[in-house]
Amino acid sequence: MEKVSKDLFRELNPAQQEAVKAIEGPVMVIAGAGSGKTRVLTYRIAHLLNEGTDPFNILALTFTNKAAREMKDRIHKLVGGTEARNVWMGTFHSIFARVLRIDGHLLGYPDNFTIYDTDDSKSLIKNIVKEMELDPKQYVPGYIHHRISAAKSNLISDREYNENDEVTEADKASGKPLLGKIFTTYNQRLKASSAMDFDDLLFNMNVLIRDFPEVLYKYQQKFHYILVDEYQDTNYAQYLIVRNLAAKNENICVVGDDAQSIYAFRGANIQNILNFKRDYPDARVFKLEQNYRSTKVIVKAANGIIQNNKNQIFKEVWTENQEGELIRLIKASTDNEEGSLVAHSIFETKMNFQLPNSDFAILYRTNAQSRALEEALRKLNIPYRIYGGMSFYKRKEIKDLLAYFRLTVNNHDTEALMRVINYPQRGIGATSIDRITVAAANAQCPVWEVISDIGKYDTGVNSGTAKKILEFVMMIRSFSVQLQQMNAFDLARHIAKDSGILRDLYEDKSPEGVSRFENIEELINAVKDFSEGDAPPPMEGENATAFRTLGQFMQEVSLLTDADNDDKEDADRVSLMTVHSAKGLEFPYVYVTGMEENLFPGAQSLKDRAELEEERRLFYVAVTRAMTRLTLSYAENRYRWGDLIFCEPSRFIDEIDASLIEMSGRRQSENKTYINISNDFIIRKKEPPAAAPVPAFPSPVPRKLKKIASVPPSISQETFNAAGADEIVAGITVEHQKFGRGKVLNIEGQGPNKKVTVFFQAVGQKQLLLQYAKLKIIES
DNA sequence: ACCGTATTCAGCGCG
DNA sequence: TGAATACGGT
């Protein structure tokens with residue numbers, strides 16, 4: 001033990017050592033970018049363990065699953081053994097979901113409550129708006145959800161919301177007087193579905209420890225040491241939980257950087273970190289100011305930027321690293337040229353220094369900017385990966401199967417029920433579903449209650465439909481019964497088959513259908529991996545099972561988001577992402593693109609000081625991602641929402657000392673106007689790269705052709721120009737865009753009504769109107 | 001139930 | 001511009 005802890009400190013600089021050693025009492029660590037923030041947190045926990053602290057008494061809160069996982073791994077490497085896995089380490093949401101599964105019954109929730117994700121919440125809101133017969137233009141689900149979320153994050157209940165005149169007046173003034181009513185109904189529906197949304201996990205945790213002092217006491221006793229990562233990003237609900245849990249022992253350590261607070265727009269309160277000294281007058285504050293990541297040039301530039309913000313904790317970040325290259329500034333005339341110049345710069349740097357693609361990152365403010373950059377990279381055959389796209393768990397087919405799992409675990413989960421009651425189609429149509437919903441609303445009970453005893457309610461569905469509903473209920477019940485009998489994998493496979501999802505997707509032979517089928521297989525494999533792991537040690541108050549159940553799988557999966565389950569396969573790619581998602585990462589070569597007024601800083605932020613300061617912190621984050629060389633770029637014209645607009649270079653460029661910047665030469669070899677027109681044309685029309693000379697006068701191509709580009713490569717656009725009606729005769733082989741190849745059996749009808757019967761290998765016999773079906777002749 | 005077409009809308013996004 | 005959704009015709 002002793003030896004390990006000596007080694008532990010040798011790897012830390014004096015400031016870091018002090019921060020690690022200050023175990024007792026309130027501590028705040030202000031960690032500049034690249035100063036070893038995570039290192040301090042992990043070493044601190046390792047130190048606690050080495051000193052003999054029971055891991056069960058340590059609570060470490062992070063913002064992302066990824067951060068929690070990385071920290072666990074690193075601690076495990078430092079202290080070895082199995083101790084690390086017993087630390088209560090995870091996101092705010094996952095830790096408090098765990099607590100609520102144990103003690104949530106005090107608030108009237110079963111331990112198998114469902115967690116609604118944002119889509120579930122919005123869909124529920126949408127339905128409520130519809131039921132109340134309000135104008136969906138006025139009551140946009142996304143906006144309402146945002147309001148409700150903001151209220152919950154500030155611990156304002158629906159009742160308090162409705163009783164607050166200021167708030168209700170504001171809603172009235174903006175033409176949404178019934179927003180409070182929707183809030184109330186929304187909460188009622190959640191409760192009836194035994195469900196919590198993400199914000200409820202924090203809100204209800206607060207209610208729990210507010211209303212049940214013995215529960216608060218229990219966790220105060222348990223969590224002797226509390227650590228919080230990214231403290232600058234905590235919202236009020238999170239802040240208050242932490243403060244209450246730490247109130248007894250005051251062994252609380254928060255780590256963060258006020259200069260990197262970039263989530264005020266979703267409720268983070270930078271005051272939490274600025275006021276820490278006020279909350280804990282005895283607090284010791286440690287500043288980590290030595291940067292180990294970046295060159296002197298980059299550090300100087302970053303300092304120059306952030307000093308323009310007024311509201312901050314003073315610190316001076318410095319580095320012993322070498323001076324490094326000057327910051328490059330690329331000026332392009334259009335967004336497409338910007339992409340091309342960035343791509344060429346990456347290509348050249350890569351070749352000159354023989355670097356892997358993974359050394360490069362391209363950052364942008366908005367996701368919409370990625371397209372031009374992608375096109376440019378593709379032209380140079382530079383492999384890239386876009387972060388923050390559609391995550392695995394957001395795909396339709398995955399959500400469908402997960403909905404079956406959810407409904408199996410919690411029959412009251414109404415969003416899941418609505419999703420699958422008629423998928424795959426079982427003849428329970430929109431009208432019947434409406435009738436059921438209305439009956440449930442009238443009877444003030446969950447939809448599941450209505451359909452599981454449909455005769456008892458006055459729904460008005462006809463007997464045929466009632467029978468189909470009964471069959472559906474029986475099926476779900478049979479799944480639920482298996483929860484304690486089968487392990488997660490066996491039950492998941494059983495559900496995928498019995499529900500008809502597998503068959504439904506298997507029958508779809510289109511490339512999209514095949515991919516969906518593969519995704520389902522991947523999900524079932526994930527369940528398999530989970531099943532084969534050790535049964536988790538039962539927590540206090542939990543039932544122990546000999547095997548891992550589907551219920552346990554769902555608890556884990558409902559708080560996962562972006563596929564951190566990284567693809568190791570060909571990881572050597574250039575990274576493309578928004579500045580927000582780059583937070584916490586580092587790359588040798590970083591390109592920050594779209595450095596223009598109204599884009600970065602964004603147009604909405606120019607109105608008020610606080611928002612502009614957040615944009616500036618965002619830029620600070622972007623700049624400090626770079627280790628070796630930073631490149632900034634902007635375009636003088638940019639396509640936005642379809643038309644070309646003029647842009648001014650960002651004010652942030654001027655905030656960097658001019659002596660640190662070098663203007664990178666534009667590629668002057670070709671006529672400028674020519675480049676713009678031709679490049680724009682090529683990229684927008686998705687024609688092949690101009691290996692051959694580009695036509696000076698692009699021939700007008702019908703717009704519609706663009707759509708074709710999304711069709712998989714095997715099917716080119718000409719392929720599906722319909723064959724002439726006269727050319728199709730019985731006996732020939734044809735290809736259909738969706739159904740694939742098949743043989744023509746029969747032709748009937750005349751002119752526009754000419755009908756053809758085809759037997760497709762994949763899907764069987766189909767009748768098609770020649771007028772609509774675009775058939776290609778494969779073999780006559 | 002299904003398809004093509006019209007319409008609408010556009011910020012960053014953890015869990 | 002393009003993606004997501006609503007609508008109207010078969």
Side-chain angles (χ1 to χ4, degrees), chain A residues 61-68 90-97 115-121 126 136-137 140-142 145-146 149 153 196-202 229-230 233-235 237-238 262-268 335-336 363-372 387-391 393-394 396 422 425 427 429-430 557-562 564 577-584 594 598-605 611 614-615 617-619 621-622 638-645 680 683-686 703-704 706-707 709-710 737-738 752-753 768-769 771-774:
Chain A
L61 297 167
T62 63
F63 268 80
T64 62
N65 292 307
K66 197 174 156 205
T91 61
F92 276 87
H93 292 86
S94 70
I95 294 287
F96 300 130
I115 298 169
Y116 274 11
D117 67 17
T118 311
D119 289 344
D120 294 321
S121 297
K126 200 171 153 189
K137 298 261 166 56
V140 184
H145 178 251
H146 175 81
S149 171
S153 303
M196 298 192 199
D197 65 18
F198 287 137
D199 302 303
D200 284 338
L201 296 172
L202 306 174
D229 191 14
E230 308 278 19
D233 287 335
T234 47
N235 62 29
Q238 291 163 327
I262 54 175
Y263 284 112
F265 73 90
R266 68 174 193 217
D335 47 357
N336 291 317
L363 309 183
Y364 36 80
R365 178 71 235 277
T366 66
N367 279 307
Q369 288 165 253
S370 73
R371 217 182 69 238
Y387 288 74
M390 169 107 74
S391 87
Y393 292 103
K394 284 203 167 154
K396 181 189 177 295
N422 197 32
Q425 283 166 21
V557 90
S558 55
L559 288 167
L560 286 184
T561 42
D562 66 321
D564 295 317
M577 63 184 93
T578 62
V579 182
H580 279 92
S581 41
K583 186 171 171 205
N598 296 319
L599 183 60
F600 199 3
Q604 304 83 341
S605 68
E611 276 203 55
E614 176 146 318
E615 290 285 304
R617 291 192 295 268
L618 190 58
F619 184 48
V621 167
R638 181 176 294 275
Y639 280 98
R640 283 183 100 180
W641 309 322
D643 39 28
L644 197 65
I645 57 156
D680 288 355
I683 287 167
R684 284 180 193 284
K685 300 305 175 197
K686 299 206 168 137
R703 266 192 181 191
K704 284 278 117 65
K706 270 176 305 166
K707 277 274 178 236
S710 62
Q737 191 155 9
K738 184 166 177 197
N753 292 324
L768 306 159
L769 275 175
Q771 192 186 175
Y772 302 117
K774 295 178 182 123

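Side chains included, hydrogens not; waters and symmetry mates left out as well; all remaining heavy atoms used. So you know, we letter chains A, B, ... as the sequences are listed, proteins then strands, and number each from 1. Given the structure is predicted, the values throughout are model-derived calculations rather than measurements.
Toward the 5′ end of DNA chain B lies the nearest nucleotide of A/Gly427, the other residue of the pair A/Gly427 and A/Leu618 mapping further downstream.
A/Lys583 has its NZ atom 12 Å from the P atom of B/dG15, to the nearest Å. Rounded to a whole Å, the NE2 atom of A/His580 is 14 Å from the P atom of B/dG15. Whole-Å rounding puts the A/Tyr263 OH to B/dG15 C1' distance at 12 Å. Taking atom CE on A/Met577 and atom P on B/dC12, their separation rounds to 15 Å, with Å as the unit.
The aromatic rings of A/Tyr263 and A/His580 sit tilted, their planes meeting at an angle between 30° and 60°. Ring geometry, A/Phe63 versus A/Phe92: the interplanar angle falls from 30° to 60°, so the pair is classed tilted.
Rounded to whole Å, the P atom of B/dG13 lies 16 Å from the corresponding atom of C/dA4.
Of the possible polar contacts, one joining the A/Asn65 side chain to the A/Leu559 backbone as a donor-acceptor pair under 3.5 Å is found. Side-chain atoms of A/Glu614 come within 3.5 Å of backbone N or O of A/Ala264 as a donor-acceptor pair.
In this structure the side chain of A/Phe600 reaches within 4.5 angstrom of the side chain of A/Leu618, judged on heavy atoms.
Contact annotation for A/Ser558: no contact, since no heavy-atom pair falls under 4.0 Å across all strands. If you check every strand for non-hydrogen atoms under 4.0 Å, A/Gln425 touches sugar and phosphate atoms only.
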Could you list all N or O pairs between the protein and nucleotides 9-11 of chain B that sit under 3.5 Å apart?
| unit_1 | atom_1 | unit_2 | atom_2 | d |
| --- | --- | --- | --- | --- |
| B/dG11 | N2 | A/Arg365 | NH1 | 3.2 |
| B/dG11 | N2 | A/Arg365 | NH2 | 3.4 |
| B/dG11 | N2 | A/Glu615 | OE2 | 3.2 |

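Residues meeting the salt bridge (Lys or Arg N to Asp or Glu O under 4.0 Å) test with A/Glu230, sequence neighbours left out: A/Lys37, A/Lys583.
Contact of A/Thr118 with B/dG13 (side chain to base): no donor-acceptor pair of N or O atoms is detected under 3.5 Å.
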